[in-house]
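Notes follow the structure.
Numbering starts at 1 and runs along the sequence shown. In this text, all values refer to a predicted model and were calculated from it rather than measured experimentally. Quick note: numbers below take in every heavy atom, side chains included, and nothing from hydrogens, waters or symmetry partners.
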Amino acid sequence: MADFTIASVSETVFDFFSPANRACIKRLLATSRERPDLSGYPKSKLGAVLILLYEEAGDLRVLLTTRSKTLRTHPGQTALPGGRADDTDTSLIGTAYREAHEEVGLPLGSPDIHTVAVLEPAISLYKIVVTPVVAILTRPSLLNELKAEESEVACIFTHPLRAVLDPTLAKSEPLVDIGTENWPYEAELYNTSDSAVPLLGNMMYRTHRLRSSASPIKGLTADLLIKTAKIAFGDSPTYEQYAPGQFQTFKEISAYIINGLAQVKEST
């Protein structure tokens with residue numbers, strides 16, 4: 001499962017992108033190849049998501065879904081295609097693509113989709129280690145062929161990646177109405193709050209919420225997109241990303257969880 005091998009990307013792939021977006025993709029390609037050791041985690045605690053980027057009207061956009069309201073976890077929330085690893089997966093890259101195929105019908109082995117990066121994992125509130133797999137789509141019309149698996153996905157939509165760093169850039173999008181179920185906040189484009197996380201010793205965690213054309217982009221999904229956008233654009237968010245004292249890396253979070261579990265074992 002720890003195989004993060006990425007096939008080389010042909011230079012002809014960049015012909016499908018503007019110079020500015022080519023630079024974004026090359027920054028993602030240049031991210032560190034050093035990966036954390038996940039061998040200590042059982043396969044049942046590993047997962048992956050696909051961050052699929054494509055160009056439209058000069059902007060890099062990302063594929064997103066709204067989860068079905070009938071799901072047991074995170075019903076009705078925005079998500080990246082993805083999920084837990086299963087026994088058929090030979091790598092976490094494979095997990096991301098398999099889940100995207102099952103959820104939205106993204107074709108497997110498509111010559112129009114190219115993996116460009118595997119980013120630092122994150123840990124969900126369910127203690128799932130989630131690995132983000134970044135890919136680019138060179139034939140955007142393929143998105144018209146996608147079909148949501150109704151038992152898992154209520155809606156397929158996209159959002160400009162740069163607007164994750166600067167929410168004002170989403171003003172030109174067909175955004176949901178303010179005060180509705182999909183944006184019950186007074187703020188026009190961006191909402192945030194800090195809360196204590198018992199899993200991390202009540203460390204404060206900042207939840208980011210971004211208004212979109214569907215459900216709010218928030219929580220872990222927002223965190224992963226912020227991380228991706230920061231690398232791609234070489235820029236920082238226009239808002240304060242972290243709460244005071246909040247852990248910022250997978251290494252910090254995993255070390256705390258592992259040490260906490262060790263202390264529990266020692267006391268029993």
Side-chain angles (χ1 to χ4, degrees), residues 49-53 56 59-82 119-120 122-126 128 130 132 134 153-233 235-250 252-253:
V49 294
L50 183 65
I51 300 176
L52 184 64
L53 306 176
E56 181 179 291
D59 292 328
L60 271 186
R61 300 183 69 88
V62 60
L63 177 70
L64 294 163
T65 69
T66 299
R67 291 169 59 84
S68 168
K69 291 185 178 180
T70 63
L71 291 173
R72 182 174 57 85
T73 58
H74 309 298
Q77 293 188 14
T78 297
L80 292 154
L119 304 183
E120 180 186 51
I123 299 180
S124 76
L125 293 178
Y126 292 92
I128 305 299
V130 181
V134 185
V153 174
C155 172
I156 300 172
F157 67 102
T158 68
H159 195 76
L161 184 64
R162 183 108 206 189
V164 172
L165 298 180
D166 182 357
T168 63
L169 298 178
K171 285 186 175 182
S172 60
E173 296 289 302
L175 302 174
V176 296
D177 292 334
I178 295 175
T180 59
E181 177 185 9
N182 282 326
W183 191 254
Y185 313 105
E186 293 182 2
E188 181 185 6
L189 298 164
Y190 170 78
N191 175 276
T192 189
S193 61
D194 294 350
S195 58
V197 181
L199 174 66
L200 298 174
N202 289 324
M203 178 202 74
M204 298 305 290
Y205 165 76
R206 179 156 296 164
T207 298
H208 304 281
R209 304 177 187 90
L210 300 150
R211 188 176 163 207
S212 76
S213 60
S215 45
I217 302 169
K218 65 180 183 178
L220 183 64
T221 297
D223 292 343
L224 295 178
L225 291 180
I226 292 168
K227 179 185 299 184
T228 304
K230 285 173 66 176
I231 296 170
F233 296 103
D235 205 354
S236 299
T238 57
Y239 45 83
E240 196 65 40
Q241 184 175 355
Y242 299 105
Q246 179 178 338
F247 291 154
Q248 299 182 20
T249 67
F250 172 76
E252 289 177 302
I253 296 171

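In this structure Gln248 satisfies the side chain to side chain contact (heavy atoms under 4.5 Å, CB included) test together with Tyr242, Glu252, sequence neighbours excluded. Scanning for salt bridge (charged side-chain N to carboxylate O under 4.0 Å, His left out) contacts around Arg206 gives Asp194, with sequence neighbours left out.
To the nearest 0.5 angstrom, Trp183 atom CH2 is 7.5 Å from Leu189 atom CG. Interatomic distance, OG of Ser124 versus CG of Asp223, reported as 11.5 Å (0.5 Å rounding). We find the CG-OG1 distance between Asn182 and Thr66 to be 6.5 Å, quoted to the nearest 0.5 Å. The distance from the OH atom of Tyr190 to the CZ atom of Arg209 is 9.0 Å, given to the nearest 0.5 Å. From Thr73, atom OG1 reaches atom CD1 of Ile128 across 9.5 Å, with rounding to the nearest 0.5 Å. Here OH of Tyr205 is found 7.5 Å from CG of Leu125. Values are rounded to the nearest 0.5 Å.
Side-chain atoms of Arg67 and Ser215 include no donor-acceptor pair closer than 3.5 Å.
Ile51 has its side chain out of reach of Leu161: every pair of non-hydrogen atoms, C-beta onward, lies at least 4.5 Å apart. Between Arg211 and Ile178 the shortest side-chain heavy-atom distance falls below 4.5 Å. For the pair Leu63/Leu50, no side-chain contact is recorded, criterion being any heavy-atom separation below 4.5 Å from C-beta on. Residues Val49 and Thr221 have side chains not in contact (no heavy-atom distance under 4.5 Å, counting atoms from C-beta outward). Side-chain contact between Leu80 and Leu64: present, with at least one pair of heavy atoms (C-beta onward) separated by less than 4.5 Å. Residues Ile226 and Pro237 have side chains in contact (heavy-atom distance under 4.5 Å, counting atoms from C-beta outward). Within the 4.5 Å cutoff, side-chain heavy atoms of Lys171 are placed close to those of Glu188. Proximity of Gln241 to Ser236: side-chain heavy atoms (C-beta onward) are nowhere separated by under 4.5 Å.
Residues Leu71 and Pro75 share a closest heavy-atom pair of O-CB, 3.5 Å. Across all non-hydrogen atoms, the minimal contact from Val176 to Ala214 is CG1-O, 3.2 Å. Here the closest non-hydrogen pair linking Pro198 and Asn202 is CA-OD1, 3.6 Å.
Screening residues 155-164 for side-chain hydrogen bond (donor to acceptor under 3.5 Å, both in side chains), with sequence neighbours left out, gives Tyr54-Thr158, Arg61-Thr158, Arg162-Asp235.
Between the side chain of Thr238 and the backbone N or O of Leu165 there is at least one donor-acceptor pair closer than 3.5 Å. The backbone N or O of Thr207 lies less than 3.5 Å from a partner atom in the side chain of Thr192, making a donor-acceptor pair. One N or O on the side chain of Glu120 and one on the backbone of Phe250 form a donor-acceptor pair closer than 3.5 Å.
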